[in-house]
Amino acid sequence: MKKQVSAIKGTKDILPRDVEKWQSVETAAKRIFELYGYREIRTPVFEATELFEKGTGQTSDIVIKEMYTFPDKAGRSLTLRPEYTPSVVRSIIENRLYLQPESLRFYYIGPMFRYDKPQKGRYRQFHQLDIEVFGEEDPAIDAEIVEMAHYLLQELQVTGTETFVNSVGCKKCRPAYLKDLKTEAKKAEESLCSNCQRKMATNPLRIFDCKVETCKKLAQKFPKITDYLCQECEQHFARFCEHLDFFEIEYTIEPRLVRGIDYYTKTTFEVASSKLGAQDAIIGGGRYDDMMKEFGGPDLCGIGFAMGMERLISAVPFTQMKEKFLYLAYMGDGAKRAGMELVRLLRREGIECLIEYREQSLKSQMSRANKLGAAWVLIIGEEEVKKGRYQLKDMETGDQEERTREEIMKIFGEIS
RNA sequence: GUGGGUGUAGCUCAACUGGUUAGAGCACCGGACUGUGGAUCCGGAGGUUGGGGGUUCGAGACCCCUCACUCACCCCA
């Protein structure tokens, strides 16, 4: 192999055959989100670094080791967004959107950037489909966004998914829980694996995720967040679950479900697919009641989720059906002109037409048309130009008929 | 950041414990068929075996380094 410039590690070209899939997922998502009253918002791909330091959180792995951060020419520190939520919150505050009568429900589709080590289902530039709702405290909205996610998955015919829900408490009740959890973990410290010993200090909730058998066993006896929730959080969680039951959504309460982002409060949830590898979460989200206020905005709660496009797409079964199109085969300059003119009119009628402008024998033009899957071939040579009658061939049946321009326009006028 | 696996034609893969000029299928181009696709047959083009170094009479294979891809850990969509 010659040395050549290649795509950056962890990034991928989305080629035409795949773009089709992307577009169909995007179209379905937009349609459904709009049905629920969401509107699209687009924010810049890069922001001031401090936005994520404050929003995503100084202690999150994302901020500590996964951000694409660089100085611009004026020396400002910028960051390619690793997630979307802080950007929307900034935009709402900056544009005073909370003073408008429109409901604060937004969706967004676009690239995110994280300096992770790539593996199956994880890329450095990846794409998310996000939705966010602000100012809705009622746990009914928590359940509604899960229901909306389920509806989208159903529309995309994604099967084999499992939904996990949890509550991570709030600023009032979580500290007490973490303290007790650490105390319990400390007691078992010597039996825990080295990894978990490290997590004890940094993120004790993560101990629940360990795959080592002895850790798993010990963790079963550790306190659960659900036993420590304050009255408000406990009620919120109970009513959230009630609403999920009301929507007849199957879910598993997973006390060890912790989103690795600092800002979550109360509800967190995740949808995992059995069709993926180790990175099996296709949707992750939760409530973040304090972020808006912490950014100096109004005291508005928020909730949202993100879907990983790459992961979602690999779980969607696609059946491809090609659009029918016409291939123009011509021989000689006169035929080329006549063909170009006719094809131009056909395109105005909504018929997809392809002419390839290269010197080829009729045989190879026919062969091309067949390979590309053309439904019809329009054949024009010197004789056809003289007569004003062209050969129209149906590639499936092999039938070929001589037609005038008017007849051809009429035939395709009826098809389209 | 840590570990494992894999790098041979555009794609999928061969090449016995190291041994002539690195092969095949599919795809591509052309011909059999001078203006008619798919099937068949015939032919053609396509490779510094990821890169560099080493061992050897001889390396695609063995050793070292490096790069890329990939899977997993950590974490996350």
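Residue numbers start from 1 in every chain, and the chains themselves are labelled A, B, ... in the order their sequence lines are given, proteins ahead of strands.
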Touch check for [X], heavy atoms < 4.0 angstrom, all strands: base, sugar-phosphate only, or nothing?
X	answer
A/Glu384	base
A/Arg114	base
A/Tyr123	base
A/Ala306	sugar-phosphate
A/Gly277	sugar-phosphate
A/Ile379	base
A/Glu270	nothing
A/Lys371	sugar-phosphate
A/Ile283	sugar-phosphate

So, A/Glu310 and A/Lys12, do they make that salt bridge, N to O below 4.0 Å?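 Judged by the 4.0 Å cut-off on N to carboxylate O distance, A/Glu310 and A/Lys12 do not form a salt bridge.
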Result of checking A/Phe305, A/Phe113, A/Tyr108 against A/Tyr84 for ring-ring contact (aromatic ring centres under 6.0 Å, His included):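 Only match with A/Tyr84 under ring-ring contact (aromatic ring centres under 6.0 Å, His included): A/Tyr108.
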A/Tyr68 and ring-ring contact (aromatic ring centres under 6.0 Å, His included): which single residue from A/Phe46, A/Tyr115, A/Phe52 fits?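 The ring-ring contact (aromatic ring centres under 6.0 Å, His included) with A/Tyr68 is passed solely by A/Tyr115 among A/Phe46, A/Tyr115, A/Phe52.
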Quick check on A/Glu26: does its CD atom have over 12 non-hydrogen neighbours (other residues, nucleotides or ligands) under 6.0 Å away?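 For A/Glu26, atom CD is crowded (more than 12 foreign heavy atoms under 6.0 Å).
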Flag if over 12 foreign heavy atoms under 6.0 Å of CD, A/Glu396: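 It does not: A/Glu396 CD has 12 such atoms or fewer within range.
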Taking the same atom, [atom1], in [N] and in [M], what whole-Å distance lies between them?
N	M	atom1	result
B/rC64	B/rG25	C1'	36 Å
B/rG60	B/rG52	C1'	16 Å
B/rA39	B/rG30	P	16 Å
B/rG47	B/rA22	P	13 Å
B/rU12	B/rC16	C1'	22 Å
B/rC11	B/rU48	P	12 Å
B/rU8	B/rC75	C1'	36 Å
B/rA77	B/rU2	C1'	23 Å

Scan every strand shown for a Watson-Crick or G-U wobble partner of [N], both distances under 3.5 Å, and answer none if you come up empty.
N	result
B/rG43	B/rC29
B/rG35	none
B/rU48	none
B/rU56	none
B/rG18	none
B/rG1	B/rC73
B/rU6	B/rA68
B/rU12	B/rA24

Taking only the side-chain heavy atoms of [X] (C-beta and beyond), determine which of [options] contains the nearest atom.
X	options	value
A/Ser364	B/rG30, B/rU36, B/rA77	B/rG30
A/Lys9	B/rU36, B/rC69, B/rA77	B/rC69
A/Phe126	B/rG37, B/rC75, B/rA77	B/rA77
A/Lys117	B/rU36, B/rC74, B/rG3	B/rG3

On RNA chain B, does the nearest nucleotide to A/Gly308 precede the nearest nucleotide to A/Pro118 from the 5' side, or the other way round? Give the residue.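 In this pair, the answer is A/Pro118.
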Using the closest heavy atom to pick a nucleotide of RNA chain B for each, name whichever of A/His127 or A/Lys120 lands nearer the 5' end.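 That would be A/Lys120.
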Check each of A/Glu132, A/Glu34, A/Glu144 against A/Arg105 using the salt bridge (charged side-chain N to carboxylate O under 4.0 Å, His left out) test, and report the only one that passes.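 Going through the options one by one, the only one that passes is A/Glu144.
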Take atom [atom1] of [X] and atom [atom2] of [N], then tell me their distance rounded to the nearest Å.
X	N	atom1	atom2	answer
A/Asp61	B/rG1	CG	P	15 Å
A/Glu402	B/rG35	CD	P	19 Å
A/Arg122	B/rG1	CZ	C1'	11 Å
A/Lys363	B/rU36	NZ	C1'	8 Å
A/Leu153	B/rA77	CG	C1'	13 Å
A/Ile8	B/rA68	CD1	C1'	13 Å
A/Leu372	B/rU36	CG	C1'	16 Å
A/Leu15	B/rG10	CG	P	17 Å

Verify the contact: side-chain N or O of A/Gln119 to OP1 or OP2 of B/rA72, cut-off strictly under 4.0 Å; return yes or no.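 Looking at the OP1 and OP2 atoms of B/rA72, one of them is under 4.0 Å from a side-chain N or O of A/Gln119.
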A/Ser314 side chain vs A/Arg311 backbone, donor-acceptor pair below 3.5 Å: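 Flag set: sc A/Ser314 to bb A/Arg311 pair under 3.5 Å.
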Considering only heavy atoms from C-beta outward, does the side chain of A/Arg287 approach that of A/Cys301 to under 4.5 Å?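 The answer is yes; the side chains approach within 4.5 Å.
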Kindly say whether, by distance alone, the side chain of A/Gln400 makes a donor-acceptor pair under 3.5 Å with the base of B/rU36?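 When only heavy-atom distances are counted, A/Gln400 does reach the base of B/rU36 through a donor-acceptor pair under 3.5 Å.
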Option passing side-chain hydrogen bond (donor to acceptor under 3.5 Å, both in side chains) with A/Tyr327 (candidates A/Lys393, A/Glu356, A/Glu352):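 Answer after filtering A/Lys393, A/Glu356, A/Glu352: A/Glu356.
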